[in-house]
Trainee: 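Input: one structure, supplied below.
We use all heavy atoms of the structure for the numbers below, so side chains are in, but hydrogens, waters and symmetry mates are not.
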Amino acid sequence: MLKLLIEKELKAFLQSPKFVLSFSVMSILIILSVYLGVEEYHATKNQYETARQLAAEDLQSQTNWGSVYTRAFREPNPLMIFASGVQNDIGRKTIVSKWQENRLQGSLYSEDSVFAIFRVVDFVFIFQTVVSLFAILFTFNAINGEKESGTLQLTFSNSIPRALFISAKALGAIFALCFPLLIPVLLSFLIVVLFGVPMEPEHWLKACAIIALGLSHFIVFILLGILVSSSVRNSATSFLVLISLWITFVLILPRAGMMIASEVIPIPSISELDTKMEAFSKSKWDEKMKREMELYEKYNKTLETLTPKERDAKSAEMNWDIKEESEALQKKLDAEIAEFNRKTNEEAANQQAAQEDLALWISRISPSSAFQLASMSLAETDVETKYRYESAIRSYRDRFITYINQKQKESGSNNGFTIHFDKNGIKVHGASSMRLNFENMPVFQPPIQSGLSITEKILPDIGLLIFYALSFFALAFVLFLRFDIR
């Protein structure tokens, strides 16, 4: 009996004119989005390789260790084709040097702001908005529509159990709507292969997982449609209710989370952080300059009490003492500024992380948010991408500075000038134009997430999708048992 009921539902869906139209629209959108994603990936990859080449050439042209700098770049991920996430929102490069803090700069939207208006239409967006809307259009009258046409009462004249009927409704809708979507998905995979996207086995596994999440999200909205249709007597009313729920789940709740969290946990802006760190740095530099002036005044007073011959003999010794104390002050200053900046950035990062965690958990009230967040985590284009890269860049900067300081110490170079101190005086040589030897210079390595850490991250979202699906079906089942079929 269940098989016959499922076949009936399949025929009803597949023979419907709206199925052909909606399936065509969804197929075109999925294939087109993947094709555009492939083109965007290749363009981003070419920019990445070109920027790295230019950075290497720029590094080789530098001539003194005192001002050497390099660049670190965020490598494009081929899974951005399916889930672009924050790929275009965060920066793609940063300068690594002794003289400035590291923040990713140069996002696509900052360089070409028009793209921020017309956001990327990727696989996740299509399943989150378009496909879920079609799920509602197919199921808003799944139960009450049959009652209005009179077929529901006719069906139950054959003594069919209601539990069997509602199960067949759900399974028939899922089979009829989900399996045809696998055709454009497979075609999109073929496009990825034909256009030479370097997908490793782990990338394919994650892509398949994103597809499975998309279909799960689709099923949630199919079951939501059946739930509302079995609880509302009029199909027109159920359509309005479902559209309202769709707007709430897809458009309102994902954005409301951030709005609520920003009020509960406010964080300072980047300009406020920069102002705070600059003010501290200026105060420390003023302290250093004041201390050096006191030293010079002290030594000048000492020299005034000496004869010209004694002054000449004492001057070189005093210059040596001033130089040593100035270096000690400089080291202390650099350490204090670096520690203050580290603590300031760490406090701001902790506040921002707490705000984002709260925002994301609030938004997870919506199954659409759970699907989007899990897909972004799988594609490694989630909101933590920025922090992973900046953490890796900070670690690289420490190694880079250690390397530069060692090279500078070996060469005796200071900002392009070679300075030799001894008790006979100071000797300064001009800037060298010789090429520097960057052998054994540390290389920036992109952050790598383990499969276990990604799995742990997406498990709550997968659990939420399963919870929503089971809850919607269970409610539909209970409500249909009380549904008046007359």
Trainee: Please name the pair of heavy atoms, one in D122 and one in G85, separated by the smallest distance, quoted to 0.1 Å.
Mentor: OD2-N, 4.2 Å
Trainee: Evaluate the ring planes of F179 and F175, with Trp represented by its six-membered ring, and classify them as parallel (under 30°), tilted (30 to 60°) or perpendicular (over 60°).
Mentor: tilted
Trainee: Name each donor-acceptor pair under 3.5 Å that joins a side chain in residues 199-209 to protein atoms two or more places apart or in another chain, with its distance.
Mentor:
from: H203; atom 1: ND1; to: E200; atom 2: N; distance (Å): 3.0
from: K206; atom 1: NZ; to: E380; atom 2: OE2; distance (Å): 2.9

Trainee: I need the full list of side-chain hydrogen bond (donor to acceptor under 3.5 Å, both in side chains) pairs touching residues 123-145, with sequence neighbours left out, sorted by first then second residue.
Mentor: Q128-Q372, S132-W246, N144-S229, N144-S238
Trainee: Applying salt bridge (Lys or Arg N to Asp or Glu O under 4.0 Å), which residue pairs with at least one partner in residues 254-274 are found, sequence neighbours left out?
Mentor: R103-D274
Trainee: Can you run down the side-chain hydrogen bond (donor to acceptor under 3.5 Å, both in side chains) pairs that involve residues 459-477, sequence neighbours left out, and say none if there aren't any?
Mentor: R364-D461
Trainee: Determine whether a donor-acceptor pair (N or O, by modelled atom type, separation under 3.5 Å) exists between the side chain of R71 and the backbone of R52.
Mentor: no
Trainee: Could you give the side-chain donor-acceptor pairs of residues 347-354 under 3.5 Å, partners two or more places apart or in another chain?
Mentor:
from: N350; atom 1: ND2; to: E346; atom 2: O; distance (Å): 3.2
from: Q352; atom 1: NE2; to: E356; atom 2: OE2; distance (Å): 3.3
from: Q352; atom 1: NE2; to: Y387; atom 2: OH; distance (Å): 3.0

Trainee: State whether a side-chain donor-acceptor pair under 3.5 Å links S395 with D398.
Mentor: no
Trainee: Considering residues at least two apart in sequence or located in another chain, which fulfil the ring-ring contact (aromatic ring centres under 6.0 Å, His included) criterion with F138?
Mentor: F13
Trainee: Check whether R162 reaches the backbone of F480 with its side chain - one donor and one acceptor, N or O, closer than 3.5 Å.
Mentor: yes
Trainee: Which residue pairs pass the side-chain hydrogen bond (donor to acceptor under 3.5 Å, both in side chains) test when at least one of the two sits in residues 26-37, sequence neighbours left out?
Mentor: none
Trainee: Return the set of residues passing ring-ring contact (aromatic ring centres under 6.0 Å, His included) with F467 (not counting sequence neighbours), or none when no residue passes.
Mentor: none
Trainee: Are a donor atom and an acceptor atom from the side chains of R388 and S391 found within less than 3.5 Å of each other?
Mentor: no
Trainee: Going by side-chain hydrogen bond (donor to acceptor under 3.5 Å, both in side chains), name the pairs with one or both residues in residues 171-190, residues two or more places apart or in two chains.
Mentor: none
Trainee: Within the side chain of H42, is there an N or O that forms a donor-acceptor pair under 3.5 Å with the backbone of G37?
Mentor: no
Trainee: Are I191 and I31 close enough that some pair of their side-chain heavy atoms sits under 4.5 Å apart?
Mentor: yes
Trainee: Would a distance-only check, ignoring hydrogens and angles, find a side-chain to backbone donor-acceptor pair under 3.5 Å from T50 to Q47?
Mentor: no
Trainee: Can you sort out the partners of T402 under side chain to side chain donor-acceptor pair (under 3.5 Å), two or more places apart, ordered by chain and number?
Mentor: none
Trainee: How would you list all residue pairs meeting salt bridge (Lys or Arg N to Asp or Glu O under 4.0 Å) that involve residues 81-91, not counting sequence neighbours?
Mentor: D89-R119
Trainee: Using a strict threshold of under 4.0 Å (side-chain N to carboxylate O), is an ion pair present between K386 and E390?
Mentor: yes
Trainee: Taking the six-membered ring for Trp and the single ring otherwise, decide whether the centroids of F221 and F134 are under 6.0 Å apart.
Mentor: no
Trainee: Got P442 and Y396 here, is their nearest side-chain heavy-atom distance under 4.5 Å?
Mentor: yes
Trainee: Between the main-chain N or O of P446 and the side-chain N or O of E75, is there a donor-acceptor pair closer than 3.5 Å?
Mentor: no
Trainee: So, using ring-ring contact (aromatic ring centres under 6.0 Å, His included) as the criterion, who are the partners of F123 when residues are at least two apart?
Mentor: F127
Trainee: Taking K93's backbone N and O only, do any of them form a donor-acceptor pair with Y389's side chain (distance below 3.5 Å, no angle check)?
Mentor: no
